[in-house]
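This report concerns only the one structure given below.
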Amino acid sequence: MKVTLRIRRFNPEHDARPYWAEYIIKDVAPTDRVLDLLHHVKWYIDGTLALRRSCAHGICGSDAMRINNLNQLACKALVKDLVKGDHGTIQVEPILGLRVIKDLIVDMEPFFEHYRSVMPFFVNDNPPPDGEFLQTPEQRARFDDTTKCILCAACTTSCPSFWANGTYVGPAAIVQAHRFIFDSRDTAAQERLAVLSQEDGVWRCRTIFNCTTACPRDIEVTKAIAEVKNAINRGGVD
Amino acid sequence: MSGLFTTVREVFRYQGREGQVAWMGHRAAALGTVLFFMIHIIDTSFVYFWPEGYQHAIALYRSPLFAVGEMVLIPAVIYHAINGTRIWLMDWKPGLWKYQRQITLATFALTVLLCAPVMIIMGGHFIEGLGLFGGQ
Ligand code: SF4
Ligand code: FES
């Protein structure tokens, strides 16, 4: 099959504003991924195309982009899910709400700043009882879903609330906070809840559900956010 | 951060689902209602400051344009109330997220259902007021 790949390109050193570039790619297999098409452009048509990717298998979280107006990982988006018939167009642009450095590469620093603000690490200064901290399967299940996050930013940059206001901590940081807030072994839940109850914390979430749809790890993002909202309202996790 | 203009443009481009549509409607309904109330508060203040202007404003309210405005206001208020309840429910019971699509569609349906009688009555008055079909 044949695919017209429309890519939103921008090189701040040369271009006054971003523009759409089109590349026609032949002999595309329906099971090819959008990342394969981007590689084809970069390797055989125009080497100046800039994009981030590393693992190419949905693990590292570096190639979130807006594909056909929906945030996805280029390495997980299959051509057959985007193009019906023998010829079609796929549109690729950078995720929104973060400054574009070049083409599909955005400045992730504000995103990671929000991530760091929620203390995304295990806190417990007590000596482990009997050699290690124990946890029941039920206690472990409480935060299992949010352990799957790969920090790709697909959720945060799908959120209209984040587009409008980049100071909003965003779904990804809340997911990361959730992972530790609901961990029975951790002792810093109150500190994280204090951060997230501030003006730019969870209350900027308008329950739009774009994040849940965008997450390539199928994390129940909006549910996790609601659980954190409830924990703040109740004054704790229990 | 992308700013207000980009955000408004992008909510029409990004392929969000029911939740995004519901949110856009929620915002539009709120802004519309606030605008209507602002106009109403200002013209009511005319009673005190500028009585002739008040009479003029009342006459304006009887014009077809404002009749249509009022017919938009009612669904806006009803939708904002029902959708607000939905958001509160989804936040209060996170487990409901699995049914969020159905609950959002139900919100739309309930809005239409509750608006229908009001629309029929107001629409009837509106058509009468226009003097079509031999009305006064
Ligand atoms: S919650 Fe999902 S979409 Fe958001 S950063 Fe983590 S993996 Fe990506
Ligand atoms: S390249 Fe690693 S997640 Fe796609």
Side-chain angles (χ1 to χ4, degrees), chain A residues 8 66-72 82 91 93-100 106-107 110-111 114 145 154 156-168 170 178 182 200 202-203 205-214 219-234, chain B residues 1-34 76-111:
Chain A
R8 189 78 170 158
R66 199 203 282 203
I67 301 169
N68 281 3
N69 276 318
L70 202 62
N71 282 3
Q72 312 179 44
L82 300 163
Q91 189 170 289
E93 57 198 299
I95 45 179
L96 185 69
L98 298 166
R99 184 178 61 88
V100 176
V106 296
D107 177 11
F111 173 80
H114 288 314
D145 198 35
T156 296
T157 57
S158 75
C159 175
S161 203
F162 181 77
W163 298 341
N165 189 343
T167 59
Y168 169 37
H178 180 285
F182 291 92
D200 290 318
V202 287
W203 306 116
C205 162
R206 309 294 190 225
T207 320
I208 299 172
F209 282 97
N210 277 8
C211 51
T212 304
T213 316
I219 296 171
E220 297 162 1
V221 184
T222 316
K223 180 184 175 214
I225 299 174
E227 286 176 353
V228 174
K229 285 176 179 171
N230 279 322
I232 291 172
N233 281 337
R234 286 196 304 266
Chain B
M1 168 152 180
S2 313
L4 187 62
F5 177 75
T6 310
T7 305
V8 172
R9 189 188 64 213
E10 294 302 321
V11 287
F12 287 98
R13 285 189 70 232
Y14 192 81
Q15 298 287 303
R17 297 203 193 145
E18 303 78 14
Q20 182 175 305
V21 176
W23 172 76
M24 288 162 74
H26 200 73
R27 283 292 154 101
L31 287 172
T33 308
V34 166
V77 172
I78 291 177
Y79 172 70
H80 199 79
I82 301 174
N83 192 51
T85 311
R86 176 190 68 90
I87 296 169
W88 161 77
L89 187 69
M90 301 308 295
D91 279 353
W92 182 48
K93 294 281 174 207
L96 283 176
W97 85 273
K98 276 194 207 103
Y99 309 104
Q100 62 95 6
R101 232 187 125 223
Q102 289 86 332
I103 294 172
T104 309
L105 293 177
T107 303
F108 297 152
L110 193 62
T111 306

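Below, chain A is the first sequence line, B the second, and so on; all start at residue 1. All values below come from the heavy atoms of this structure, side chains included, with hydrogens, waters and symmetry mates left out.
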Q. Taking atom OG of A:Ser158 and atom CD of B:Gln15, what is their separation to the nearest 0.5 Å?
A. 13.0 Å
Q: Any chance you could lay out the side-chain contact (heavy atoms from CB on, under 4.5 Å) test for A:Thr207 and B:Trp23, step after step, and finish with the verdict?
A: CA-CA 8 Å; A:Thr207 320; B:Trp23 172 76; over 6 Å; no
**Q.** Worked verdict on A:Lys223 versus B:Lys93 for side-chain contact (heavy atoms from CB on, under 4.5 Å)
**A.** CA-CA 9 Å; A:Lys223 180 184 175 214; B:Lys93 294 281 174 207; over 6 Å; no
Q. Hey, does B:Trp92 have a side-chain heavy atom less than 4.5 Å from the side chain of A:Lys229?
A. no
Q. Chain A contacts: which residues in residues 95-106 of chain B have a non-hydrogen atom closer than 4.5 Å to it?
A. B:Gly95, B:Trp97, B:Gln100
Q: Give a yes or no on whether a salt bridge exists between A:Glu93 and B:Arg13, defined as a side-chain N under 4.0 angstrom from a carboxylate O.
A: yes
Q: Flag the one option from A:Thr212, A:Asn230, A:Asn233 with the top tally of heavy-atom pairs under 4.5 Å to chain B.
A: A:Asn230
Q: Measure from the side-chain N and O atoms of B:Tyr14 to the backbone N and O of A:Leu96, and report whether any donor-acceptor pair falls under 3.5 Å.
A: no
Q | Heavy-atom pair with the smallest gap, counting every atom of B:Arg17 and A:Asn210 | A | N-OD1, 4.1 Å
**Q.** Residues A:Phe209, B:Met90; criterion side-chain contact (heavy atoms from CB on, under 4.5 Å); working and verdict
**A.** CA-CA 10 Å; A:Phe209 282 97; B:Met90 301 308 295; 3.8 Å; yes
Q | chain A contact residues among residues 25-34 of chain B, heavy-atom distance under 4.5 Å | A | B:Arg27
Q.
I need the residue from A:Asn71, A:Thr222, A:Thr213 with the largest number of non-hydrogen atom pairs under 4.5 Å to chain B.
A. A:Asn71
Q: Give the minimum heavy-atom separation between A:Pro160 and B:Thr7, together with the two atoms involved.
A: O-CG2, 3.7 Å
Q | Working for side-chain contact (heavy atoms from CB on, under 4.5 Å), residues B:Thr6 and A:Trp163 | A | CA-CA 8 Å; B:Thr6 310; A:Trp163 298 341; over 6 Å; no
